[in-house]
Amino acid sequence: MAKIYIKTFGCQMNERDSERVLALASSCGYTEAASLDEADLIVINTCTVRRKPEQKVYSLLGRLGGLKERRPHLRIAVVGCLAQQEGDGLLERFPQVDLVLGPDRIGELPRALEALEGGERLCLVGFHQDPCQGVLLPLRPSVRAYVNIMQGCDNFCTYCIVPYVRGPEKSRPSGEIIEEVRLLAERGVKEVTLLGQNVNSYGKKSPGELTFPQLLSKIDQIEGIERIRFTTSHPKDLSEELIRAFVDLEKLCEHLHLPFQAGSNRVLERMGRAYTREEYLRKVERLRQLVPRVAITADVMVGFSGEGEEDFRQTLELVREVEFDALFSFKYTPRKGTVASRWPDDVSSEEKQRRLEELQELQRAITLRKNRSLEGQVMEVLVEGTGGRPGQLRGRTRCNRVVNFPGGEELVGRLLWVRITEGLQNSLRGELCPLEVQEAVNA
Ligand code: SAH
Ligand code: SF4
Ligand code: F3S
């Protein structure tokens, strides 16, 4: 039987797309290969949001060229955002590539595989109008699952390639989403993360469709699902109704990922983000007022075109003020075809590196302080799997922190009460609360 190996770069949406690729390939008779060397078909699911993930794809493609010379029957497919961006060009530049498949064309994989088996090389890119994706479960669902609720983005932030490579925003019909979550729950999934580039605008372009808070409330009612998360939210669209959902919906976890990108209004405006620093801070304040225990995480960039030292200081200041639970920070890299790529990339790479390090150092201290402040607390943990060491379990709090604690394998998939014994830089350590506590809380 033919074997497929998939290597995924990029965001959670790509991880979900890779699951769809595997499910579709399996319906065509492929089984998963344990390594590159065993594979008959190698799929690279690509990302082009920054220079680094793109370079990784090109270097992997180079190595696969050598592998294919030794194994001429090997087929190589490039899917995802770089596939959409480069299209046919990838087939021209890389003779080792047989298939180029854009992210909105993944549903066509079975037909593409048939063509590959017939010796064709093909490129399927571009976007469908149809917002349906079909219900396609992961081959081996675990405790947590990703559920795509929308594709594309209409925001066109000036630095960002996503609207070009993922296409116009379209919301998947709520009926299809709810059906998928129901089936996942039947297979034992306890936690779902709803995915979209800007989930807050879910349904806005589809007359009669649910709003995002309404969709959350429907999913909250699905039996078997214990936790709901979502990502990503755009600050400009974070509504009072959505903030209230954290209060009203029992299963919605107290964690919001709310990228701010920059702390200076001048930079935010050049980025086309459509909110000011003050508006961002007001939303954070309102959220904390209604949901005091909420964890807030964000994305931020340093060294955007025109970002001066004073602008950067304002980013540091915002980070100090908000005290994020975790922060994902990146050096700006111009992306071909975006508005900002026509502006000077005028912060030197040494300076970007310096700013990044200063920012990360600041955040590391905040993260550690916050993690330590949880010592002694009893927290609800969903056990996701066994930990690195024997006899250890790994789970996650509602606020999305990883907790390692001693316990037996039979507890995987359970919601348990764990006392936090140590707050570390990237995770927590804990111990299971006694049986009486577990029972008392679950009664
Ligand atoms: N839809 C999400 C972000 C998607 S891209 C949002 O609106 O926030 C993920 C992150 O990559 C972004 O939040 C941003 O911080 C970063 N990013 C996007 N384009 C970038 C670029 N050209 N250079 C560096 N970082 C970038
Ligand atoms: Fe990119 Fe902006 Fe869309 Fe996020 S909202 S995907 S940063 S264009
Ligand atoms: Fe990358 Fe595409 Fe996601 S560019 S970040 S894989 S949407």
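We count ligands from 1, going down the list as the structure has it; atoms in each ligand are counted the same way.
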Salt-bridge present (R354, E357; N to O < 4.0 Å): no
Residue portion contacting ligand 2 (non-hydrogen atoms closer than 4.0 Å) for Y159: side chain
Atom 19 (N) of ligand 1: nearest protein contact (heavy atom, Å): Y159 CD1, 3.3 Å
Value rounded to 0.5 Å, distance of CZ in F304 from OG in S264: 10.5 Å
Nearest-neighbour protein heavy atom for atom 1 (Fe) of ligand 2, which is reported as residue plus atom name and distance: C160 SG, 2.3 Å
Residue, atom name and distance, where the atom is the protein heavy atom closest to atom 15 (O) of ligand 1: Q261 OE1, 2.7 Å
Y280 six-ring centre to R273 NZ/CZ under 6.0 Å and within 45° of normal: no
Side-chain ion pair, D154 and R166, N-O less than 4.0 Å: no
Residue part near ligand 1, for K331, under 4.0 Å between non-hydrogen atoms: backbone
Those atoms of ligand 2 less than 4.0 Å from some heavy atom in V162: 6 (S)
Numbered atoms and elements of ligand 2 in range of H234, under 4.0 angstrom, heavy atoms: 5 (S)
Top protein contact for atom 6 (S) of ligand 2, by heavy-atom distance: Q197 OE1, 3.5 Å
Protein contact to atom 6 (C) of ligand 1 [nearest heavy atom, distance to 0.1 Å]: T232 CG2, 3.9 Å
Which segment of Q197 sits under 4.0 Å of ligand 3 when only heavy atoms are counted: side chain
Whether R166 lies under 4.0 Å from ligand 3, heavy atom: yes
From C157, G272, S233 - option closest to atom 2 (Fe) of ligand 2 by heavy atom: C157
Cation over ring face, K204 and Y202, 6.0 Å, 45°: no
Cation-pi, Y159 ring and R335 (6.0 angstrom, 45 degrees): no
Polar side chain donor-acceptor pair, S201 to E169, under 3.5 angstrom: yes
Residue and atom name of the nearest protein heavy atom (relative to atom 7 (O) of ligand 1), distance in Å to one decimal: R273 NH1, 3.4 Å
Pair N200, K236: side-chain N/O donor-acceptor within cut-off below 3.5 Å: no
N265-E278 side chain donor-acceptor pair, cut-off 3.5 Å: yes
Main-chain N/O of H128 paired with K170 side-chain donor or acceptor, under 3.5 Å: yes
Non-hydrogen atom of R166 closer than 4.0 Å to ligand 1: no
For N14, the ligand 3 atoms whose distance to one of its heavy atoms is below 4.0 Å: 6 (S)
Structural part of F330 in contact with ligand 1, heavy atom criterion under 4.0 angstrom: side chain
R355 bridged to E307 by N-O distance under 4.0 Å: yes
For R335, the ligand 1 atoms whose distance to one of its heavy atoms is below 4.0 Å: 22 (N)
Closest non-hydrogen atom pair, C153 against V162: CB-CG1, 4.4 Å
Close approach, R166 and ligand 2, non-hydrogen under 4.0 angstrom: no
Sub-6.0 Å ring centroid separation between H257 and F328: yes
C47 neighbourhood, listing ligand 3 atoms whose heavy-atom distance to it stays under 4.0 Å: 1 (Fe), 4 (S), 5 (S), 6 (S)
Nearest-neighbour protein heavy atom for atom 3 (Fe) of ligand 2, which is reported as residue plus atom name and distance: C153 SG, 2.3 Å
For R273, the ligand 2 atoms whose distance to one of its heavy atoms is below 4.0 Å: 2 (Fe), 7 (S)
H234, Q197, R50: member with heavy atom nearest to atom 4 (C) of ligand 1: Q197
Per-residue contact class, M271 against ligand 1 - non-hydrogen pairs under 4.0 Å: neither
From V49, L258, D237, V302 - option closest to atom 20 (C) of ligand 1 by heavy atom: V49
Atom 3 (Fe) of ligand 3: the protein heavy-atom neighbour that sits closest, reported with distance to 0.1 Å: C11 SG, 2.3 Å
Which residue and heavy atom of the protein sit nearest atom 22 (N) of ligand 1, plus the separation: T333 O, 2.8 Å
Proximal ligand 2 atoms for P163, defined as those under 4.0 Å from one of its heavy atoms: 8 (S)
Protein heavy atom at shortest distance from atom 9 (C) of ligand 1: D299 OD2, 3.8 Å
From the candidates T48, L82, T232, T46, the one that places a heavy atom nearest atom 4 (S) of ligand 3: T48
Per-atom contacts of ligand 3 with C81, taking only distances under 4.0 Å to non-hydrogen atoms: 2 (Fe), 4 (S), 6 (S), 7 (S)
Atom 5 (S) of ligand 2: the protein heavy-atom neighbour that sits closest, reported with distance to 0.1 Å: N155 ND2, 3.3 Å
Atom 8 (O) of ligand 1: nearest protein contact (heavy atom, Å): P259 CG, 3.2 Å
Separation of Q363 CD from L316 CG (nearest 0.5 Å): 11.0 Å
Interatomic distance, Q261 atom CD to H234 atom NE2 [nearest 0.5 angstrom]: 8.0 Å
Any donor-acceptor pair under 3.5 Å from R229 side chain to R398 backbone: yes
Mutual orientation of the aromatic rings belonging to F260 and F324 [parallel < 30°, tilted 30-60°, perpendicular > 60°]: parallel
Presence of salt bridge, R244 and E241, under 4.0 angstrom: no
From CD (Q360) to CG (L356), nearest 0.5 Å: 4.0 Å
Enumerated ligand 1 atoms positioned under 4.0 Å from heavy atoms of Y332: 22 (N), 23 (N), 24 (C)
